[in-house]
There are 2 protein chains.
Amino acid sequence: MPDTTPELRSGQRHDISHEVLGVVFQVRDGALQVLLWRRAQAPEAGCWSLPVGPVGVAESLEAAVSRHLATKVDVRDLAHLEQLGTWSEVHRVPSRRLVATAYLGLVPTTSDPDTPRDTDWHLADSLPATAFDHGAVVTHALARLRAKLSYTNIGFALAPEEFTMAALNRLYCAALGRPVSVTNLQRVLLRRGVLEATGRLAAPGTAGGRPAARYRFRHHELEVTDAFPVLRPRRTSSRGAEDPPGAESVD
Amino acid sequence: MPDTTPELRSGQRHDISHEVLGVVFQVRDGALQVLLWRRAQAPEAGCWSLPVGPVGVAESLEAAVSRHLATKVDVRDLAHLEQLGTWSEVHRVPSRRLVATAYLGLVPTTSDPDTPRDTDWHLADSLPATAFDHGAVVTHALARLRAKLSYTNIGFALAPEEFTMAALNRLYCAALGRPVSVTNLQRVLLRRGVLEATGRLAAPGTAGGRPAARYRFRHHELEVTDAFPVLRPRRTSSRGAEDPPGAESVD
DNA sequence: CGAGTTATTGTCTCACCATCGAAAACCTCC
DNA sequence: GGAGGTTTTCGATGGTGAGACAATAACTCG
């Protein structure tokens, strides 16, 4: 694999730098949005890029991305953070050899972190011109989020502490980018034990109508719903009590 | 957040090195096995480690892991290679700051790559003492492989070009580490269009019995079966012909 | 109290998968 | 050549979970 770029031919030992990217999603104004930063300097000045930063010698990648995002979004607002993947194409950024590990971060609708100048939220489904390979990274993050909404309880990281079914339905519609049946959403998430009723009721709306019950996510750590049923021995009836033993994440 | 700032000034600028790990699985002797290398030098001399190597300045991580595995397993034998994740704990290896990106590689049963001295296959379900965090990496790889066997066509990378249902069943049992019903395996994989009959028959065994039909995987690139059915609008009947449009991987 | 509005629950149906058993296709041995 | 054994394949049956839709519950307002 010959490479002719002069910058890459230098004979030093440590020529590869490592950076972290944060793909932070939040449902805002009824749509899924992602936090982007307007690049001031070249290269790709004027384009939008993901929050990015170097990795310190004495910190893990998780620590690095948390640290950098703290300057963009209050870390306490990050309800979920998981590794997405590592991008390493040789020319993914010009004139430097830079490997990037991307993380997916989720912020619940309740928090409205004040973002510094030059950062802003953008619709995840129609991105502006993005720098480098950040568009592909966002696409990847979007696909993973949407997949996990179907077979995990990851919604807890986007939703408020307590909510009505109608509100949760709007949240899922926004995050998935397509309509979702309230009826089925409720029954599926309740049967799986992802949601539980709090017993409290929402204040009835001004237009009248039955007051909605309030629900919450039962757990606030990622849990994977019983994996794809194919070729698995049938679950042995008793569906109560104990958590499934092999419920670890598969990314 | 200028991405050229040396954040931690503990001395030199480029203190973090990057390596790649290869988790290579193959079904051998009716069991899933992983290729390990016996460490000769300290640290952790005598322990078994994954195949590992540095990343060149002018190559991507994929290229690096392919290059290193070529010295352990013939690259042509690697039917599938995908990124698993990046491990970055500060003290994951002693006395150096080393970040590792792991890849999952699969070798079909038909090839028997000759491995150099000091490398050997080990049962994936009962590993020997492993060096560093390599045990956790193998566990991760194993979980991903087993999950993907259920909802993708990834079996193509473990199976021969052509095989009988009984043989494929033995393969799946070995890879999953639990019994699988032949009947269901056949029908599920055929209905999904993952397998197709070749029309040829296997030579009948010495004990007699109906000769088995031979099948093959229809495609040899990773394809994800229609994702978790939950909260999706019902598929509109016609299940023939065209591939599902949104069948991209989710890792 | 009835009309209007919203939330929740019941029921129907369909897709999918696991289990079982029968049939098909081959062998060997008598 | 037929009986019996072996292996593969196909069909029938039942259960489970989910989507669609209708019915019911609970409230406000006039």
Side-chain angles (χ1 to χ4, degrees), chain A residues 149-151 162-170 172-173 176 178-215 225-240 244, chain B residues 149-151 162-170 172-173 176 178-215 225-240 244:
Chain A
L149 278 172
S150 291
Y151 66 92
E162 219 176 292
F163 44 82
T164 68
M165 271 300 159
L168 188 68
N169 185 54
R170 285 191 294 274
Y172 268 72
C173 291
L176 291 171
R178 56 176 178 79
V180 172
S181 150
V182 197
T183 303
N184 294 326
L185 183 71
Q186 173 171 27
R187 255 220 314 263
V188 167
L189 295 186
L190 281 177
R191 164 155 40 170
R192 289 187 184 166
V194 171
L195 298 183
E196 63 184 2
T198 64
R200 284 181 287 276
L201 294 181
T206 62
R210 174 175 175 172
R214 293 167 71 81
Y215 298 85
T225 300
D226 217 0
F228 222 66
V230 179
L231 304 181
R232 286 213 152 42
R234 171 149 311 197
R235 301 180 262 316
T236 54
S237 68
S238 81
R239 247 210 171 274
Chain B
L149 278 172
S150 291
Y151 66 92
E162 217 176 293
F163 43 82
T164 68
M165 270 301 160
L168 188 69
N169 185 55
R170 285 191 294 274
Y172 269 71
C173 289
L176 291 170
R178 59 175 177 77
V180 171
S181 149
V182 196
T183 304
N184 294 327
L185 183 70
Q186 174 170 26
R187 253 224 313 272
V188 167
L189 295 186
L190 281 177
R191 166 161 35 176
R192 289 185 183 165
V194 171
L195 297 183
E196 63 183 3
T198 64
R200 282 182 288 276
L201 294 182
T206 64
R210 175 173 176 173
R214 294 166 71 80
Y215 298 84
T225 300
D226 219 0
F228 221 67
V230 178
L231 304 180
R232 288 211 151 45
R234 174 154 309 198
R235 300 182 262 317
T236 53
S237 70
S238 82
R239 245 208 173 273

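Below, read A as the first sequence line, B as the second, and so on, with proteins coming before strands; counting in each chain starts at 1.
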Please list, for nucleotides 3-7 of chain C, all pairs of protein and nucleotide N/O atoms separated by less than 3.5 Å.
| unit_1 | atom_1 | unit_2 | atom_2 | d |
| --- | --- | --- | --- | --- |
| C:dT5 | O2 | A:Gly209 | N | 3.4 |
| C:dT6 | O2 | A:Arg210 | N | 3.2 |

Nearest-nucleotide 5' precedence on DNA chain D, A:Leu201 against A:Leu185: A:Leu185
Please examine the side chains of B:Leu189 and B:Leu168, heavy atoms only from C-beta on, and report whether any two atoms are closer than 4.5 Å. yes
Euclidean distance, atom CZ of residue A:Arg200 to atom C1' of D:dA26 [Å, nearest integer]: 20 Å
Rounded to whole Å, CZ of B:Arg187 lies from P of D:dT9 at a distance of 13 Å
Measure the distance from OH on A:Tyr151 to P on D:dA18 and round it to the nearest whole Å. 16 Å
Rounded to whole angstrom units, what separation is found between the CG atom of A:Asn184 and the P atom of C:dC14? 16 Å
Considering heavy-atom distances to DNA chain D, does B:Val182 or A:Thr183 have its closest nucleotide positioned more toward the 5' end? B:Val182
With sequence neighbours left out, write down each residue that passes side chain to side chain donor-acceptor pair (under 3.5 Å) with B:Thr183, or none if nothing qualifies. none
Taking only residues two or more places apart in sequence, or in another chain, which ones meet B:Tyr172 in a side chain to side chain donor-acceptor pair (under 3.5 Å)? none
If only side-chain N and O atoms of A:Arg192 are considered, is one of them under 4.0 Å from the OP1 or OP2 phosphate oxygen of D:dA18? yes
Listed partners of A:Phe163 passing ring pair (Phe, Tyr, Trp, His ring centres under 6.0 Å), at least two apart: A:Phe217
Kindly write out the residues that satisfy side chain to side chain contact (heavy atoms under 4.5 Å, CB included) with B:Ala166, not counting sequence neighbours, or none if the list is empty. B:Thr164, B:Arg170
Residues that B:Arg200 engages under side chain to side chain contact (heavy atoms under 4.5 Å, CB included), provided they are two or more places apart: B:Glu162, B:Thr198, B:Arg214, B:Arg216
To the nearest angstrom, how far is A:Gln186 atom CD from C:dG10 atom C1'? 13 Å
How long is the line joining CZ of A:Phe163 and P of C:dT8, in whole Å? 12 Å
Report the residues that fulfil side chain to side chain contact (heavy atoms under 4.5 Å, CB included) with A:Leu201, sequence neighbours left out, ordered by chain and then residue number. A:Pro211, A:Ala213
Measure the CD-OH distance between B:Glu196 and B:Tyr215 for me, rounded to the nearest 0.5 Å. 11.5 Å
Please step through side chain to side chain contact (heavy atoms under 4.5 Å, CB included) for the pair B:Gln186 and B:Leu195, ending with a clear verdict. CA-CA 8 Å; B:Gln186 174 170 26; B:Leu195 297 183; over 6 Å; no
For B:Leu195 and D:dT8, what is the distance between atoms CG and C1' respectively, to the nearest whole Å? 15 Å
Using only side-chain N and O atoms of A:Arg191, determine if any of them is under 4.0 Å from OP1 or OP2 of D:dA18. yes
Note the angle between the end axes of the helix from C:dC1-D:dG30 to C:dC30-D:dG1, five pairs defining each, rounded to 10 degrees. 20°
